[in-house]
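Residue numbers count from 1 along this sequence.
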Amino acid sequence: MPRALAILLLAILGSAPAMSREQAIPAVRKANQAAILTVEGPITSITASSLKRRLTEAMADGADTVVIRLNTPGGELMSTLDICRMLKADAPPNTVAWIDPYAFSAGTVIALACREIVIAPGGMFGDSAPVSPLGPIPQTERAKIESPLLTEVVDSARRNRYDERLVQAFVSLGIELWLLENAETGQRIAVDRTEYRDIYGEEPPETIPSITPPADDAPPIAPWFDAMMSNAPGAPEDISDMVQRPSSRVRLGADDREDWILIGQVVSSDRLLALTPAESIAYGMVPRTIADEAELQAFLGASSLRTYERSWSESLVIFLVSWPVRIVLIIIFLVCLFVEFAFPGTGIFGVGSIAALVVLLGAPWIVGLAQWWDILFVLLGMALVAVELPLLPGTFVAGISGALLMLAGLVGTFVSGDMNSSELVDGLFRGILIVTTGLVGAVAIMWWLGRRFEHSRFASRFILRTD
């Protein structure tokens, strides 16, 4: 009997770590069937539509947890806001952003919209200020662009227990933050210059030291809401109950001076916040690093984990709307059109021109870039050029008008109808640059063909001649 009791005791003790690990997964994080939706490369309207399709498919398959696996340098503002709205309104309550390895700019904004963020070892995220290929953005325009971004990240912070000031430092320059730690509880909090002066009665230090994560038994950086602190009674377990909750953190003052110790400066006024895994853990943005899918499944306590990739058609459209491909398509379209008009023969070059045009306009149409007037301008321009050559040679009015209409239509395929003013300018600049590059390349090829094509034996087979 004593031996049997000893064996039973050893079995219980041996299973205790497994039981504690199972119980260590919070109810709000615990998953049954998790779906991984990958986001790679620049974020565009294609990304948003692809995510929507895959999210619908995953939920139809019974997924109760969605993991957004991010590896992106950023992307379009409106597409980013659409994805954030989708994650908050249409996805299951348990959403996790897995930064593997990088999520800058729009990628960070999307990560913040998720209930929880994890990061791969060696990863990084942050640096979400809007930029323009035209150079520095004027102050008024920058404020206009930053306003919806700041609103979005602050709303995410209030939903998901992130510090409002930290997330704003991802987006805006001029935000200075210092990290304080409670001497008794180990709790950490971020304060700005004004609050630091109120506490200590002096200016804060300007240097940014290396900040290490807190001890395992100490809470990380304090949430921005005092009612949401981990030691607060009645703190909600379901993050969805915190939607649109206003900020309620009590500012510290001189009476709190003895309770808080300076850890170091988080970010200076001339920098945007970007976090490594150790820093993101120290600031309470990330609970831990996740290296692979096995660790992710254990972290979620999920019984199954399935990845939903982009479809081949979505990948093909992304390839077709890339700028190198569109330059090549513009060159093929113009050169084949020139050859067909200059040396009418079998119609092979006319078919090639039409095929290039269909791809050139069809791919942007699928992703919502090309509008009906873009296609109308291109077709009307081709008609005017066709009228100029056989019916009105030498007048150049119809030909020049047709060429301008075609160029305007092609540039229009780079501009989405729902962009704000800054993105509209960026789209126009990108479209003009790509179309001009294709036009210059086509003119150079047409000049070369004009000198050699007519005397070529190969070309003579495609040209109809009369005796």
Not counting sequence neighbours, which residues clear side chain to side chain donor-acceptor pair (under 3.5 Å) with Tyr200? List them please.
none
Evaluate Asp192 against Arg251 for salt bridge (charged side-chain N to carboxylate O under 4.0 Å, His left out), listing each step before the verdict.
CA-CA 10 Å; Asp192 59 15; Arg251 292 181 66 88; 3.7 Å; yes
Test of understanding: with salt bridge (charged side-chain N to carboxylate O under 4.0 Å, His left out), list the residues that count as partners of Arg257, not counting sequence neighbours.
none
Look at the side chain of Ser269 and the backbone N and O of Gly174, then say whether any donor-acceptor pair between them is shorter than 3.5 Å.
no
Would you say the side chains of Gln33 and Ser304 form a donor-acceptor pair under 3.5 Å?
no
Report the residues that fulfil side chain to side chain donor-acceptor pair (under 3.5 Å) with Glu202, sequence neighbours left out, ordered by chain and then residue number.
none
Before giving the answer on side-chain contact (heavy atoms from CB on, under 4.5 Å), spell out for Asp163 and Leu177 the whole-Å C-alpha distance, their side-chain angles and the decisive distance to 0.1 Å.
CA-CA 11 Å; Asp163 190 299; Leu177 296 177; 5.8 Å; no
Spacing of CD belonging to Glu152 relative to CD1 belonging to Ile110, to within rounding of 0.5 Å:
9.5 Å
Drop me the distance from Asp100's CG to Thr289's OG1, to the nearest 0.5 angstrom.
11.0 Å
Any residue meeting side chain to side chain donor-acceptor pair (under 3.5 Å) with Asp270, in chain and number order, not counting sequence neighbours
Ser268
To the nearest 0.5 Å, how far apart are CD in Gln265 and CD in Glu206?
5.5 Å
Taking every heavy atom of Ile68 against every heavy atom of Val39, the minimum-distance pair comes out as CG2-CG2, 3.9 Å
In Å, rounded to the nearest 0.5 Å, how long is the span from CE of Met59 to CG of Asp64?
10.0 Å
Note: Leu272 and Leu173 closest approach over all heavy atoms is CD2-N, 3.8 Å
CG on Leu77 to OG on Ser79, rounded to 0.5 Å
8.5 Å
Do Thr72 side-chain atoms and Gly41 backbone N/O form a donor-acceptor pair below 3.5 Å?
yes
List for me each residue that meets salt bridge (charged side-chain N to carboxylate O under 4.0 Å, His left out) alongside Arg271, sequence neighbours excluded, and say none if there are none.
none
Sequence neighbours left out, what passes salt bridge (charged side-chain N to carboxylate O under 4.0 Å, His left out) with Asp127? Give chain and number order.
none
If only atom types and distance count, is the side chain of Asp256 paired as donor or acceptor with the main-chain N or O of Ile199 below 3.5 Å?
no
Just checking, any donor-acceptor pair under 3.5 angstrom between side chains of Thr95 and Lys88?
no
